[in-house]
Amino acid sequence: MKAIIPAAGLGTRFLPATKAQRKEMLPVLDRPVIQYVVEEALAADADEVIIINGSRKVALVEHFSPSPDLSEFLISKGKKMLADAVNHAGDLPVSFVDQDRPLGLGHAVHCAAAKTGKEPFYVLLGDVLVPDNQVLRRMLEVHKRYNGASVIAVIKVPREQVSRFGIIAGSQLREGLWKVNDLVEKPAVENAPSEYAIFGRYLLTPTVMELLAHTAPGAGGEIQLTDALKTLLTTEEMYAVAVDADEGFDTGTIETWLETNVRLAMRKPEFAQMLKDAITSVG
Ligand code: G1P
């Protein structure tokens, strides 16, 4: 199965850090955000990750390309572990497709249509991390259990935040699993059918690619993936798997990126004490 990571946004919230590179290249601890997302897809049986690229892509492409000179240099200095980390990033099965105009998430996903063909595919948004890699696995189980239906991840958000997300209406089948009846992209608070927001992980049938080819611009004047999924519901079933608040880490704003770094650092003994000491000493 192929996995698509749309990564063509401008990253304006992070300027000037994103002036010359994509926001997906910002590091969380020792690697760029997007490398976690690529590794998450591969851990859920994706055999190729297709990154949808926009401008300022040189660093991103270079990150996922072999660097034999750097690797040899590190080995000559006795730094084999670092050479292994460099080689690992360069050897990941990543390919690139250009999105020449920023027409929306649905358009970005459709740019990979020639590569996904008639197979189901994953979509992973690049600004959330799922470091334990369990969400796609749960989605894959539901996809298999329900005859290859589309499955999306959802997370409960405070009512006043619903207009930032795609929101589902659904019937709960069991703890953490819904059958989706409707979806609406960025509803007004009073029109939101629930507080369950689409979380940025999708496992979709090839029909979605066909629908995206004909999806008109929606919220914000953009071609919305959510609108294609709403149309999908007229012919196919769809399920939603719940994500716990501590499973997903947002890196989309400076605040949440900082928090993600701290939370992940606190999981690592080599950073945790240093971080506690630093925070205690300043305040
Ligand atoms: C996108 C999707 C939205 C989803 C959100 C999750 O919105 O369109 O349905 O809830 O990602 O982060 P964006 O954040 O790109 O506006």
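Every number for a ligand or one of its atoms is a count from 1 in the order of the listing.
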Does ligand 1 have any atom sitting under 4.0 Å from a heavy atom of Thr226?
yes
Distance under 4.0 Å to a non-hydrogen atom of Gln224: what atoms of ligand 1 satisfy this?
8 (O)
When you measure from atom 8 (O) of ligand 1 to each heavy atom in Glu185, Arg201, Glu222, Lys186, which option holds the nearest one?
Glu185
At under 4.0 Å between heavy atoms, is it the side chain or the backbone of Leu125 that contacts ligand 1, or both, or neither?
side chain
Heavy-atom proximity to atom 5 (C) of ligand 1, picking from Asp127, Leu105, Ile198, Leu183, points to Ile198
Between Arg201 and Tyr122, is NZ or CZ placed under 6.0 angstrom from the six-membered ring centre and within 45° of the ring axis?
no
Does either side chain, that of His110 or that of Gln99, offer a donor lying less than 3.5 Å from an acceptor on the other one?
no
Which atom of Ile50 lies closest to which atom of Ala112, heavy atoms considered:
CG2-CB, 4.2 Å
Of all the heavy-atom pairs spanning Ala245 and Ile155, show the shortest one and how long it is.
CA-CD1, 4.1 Å
Would a line drawn from the ring center of Tyr196 to the ring center of Trp178 be shorter than 6.0 Å?
yes
Contact bool for atom 14 (O) of ligand 1 (protein heavy atom, d < 4.0 Å)
no
With only distance considered, is Phe165 within less than 3.5 Å of ligand 1 through an N or O on each side?
no
SB check Asp98 Lys57 (cutoff 4.0 Å)
yes
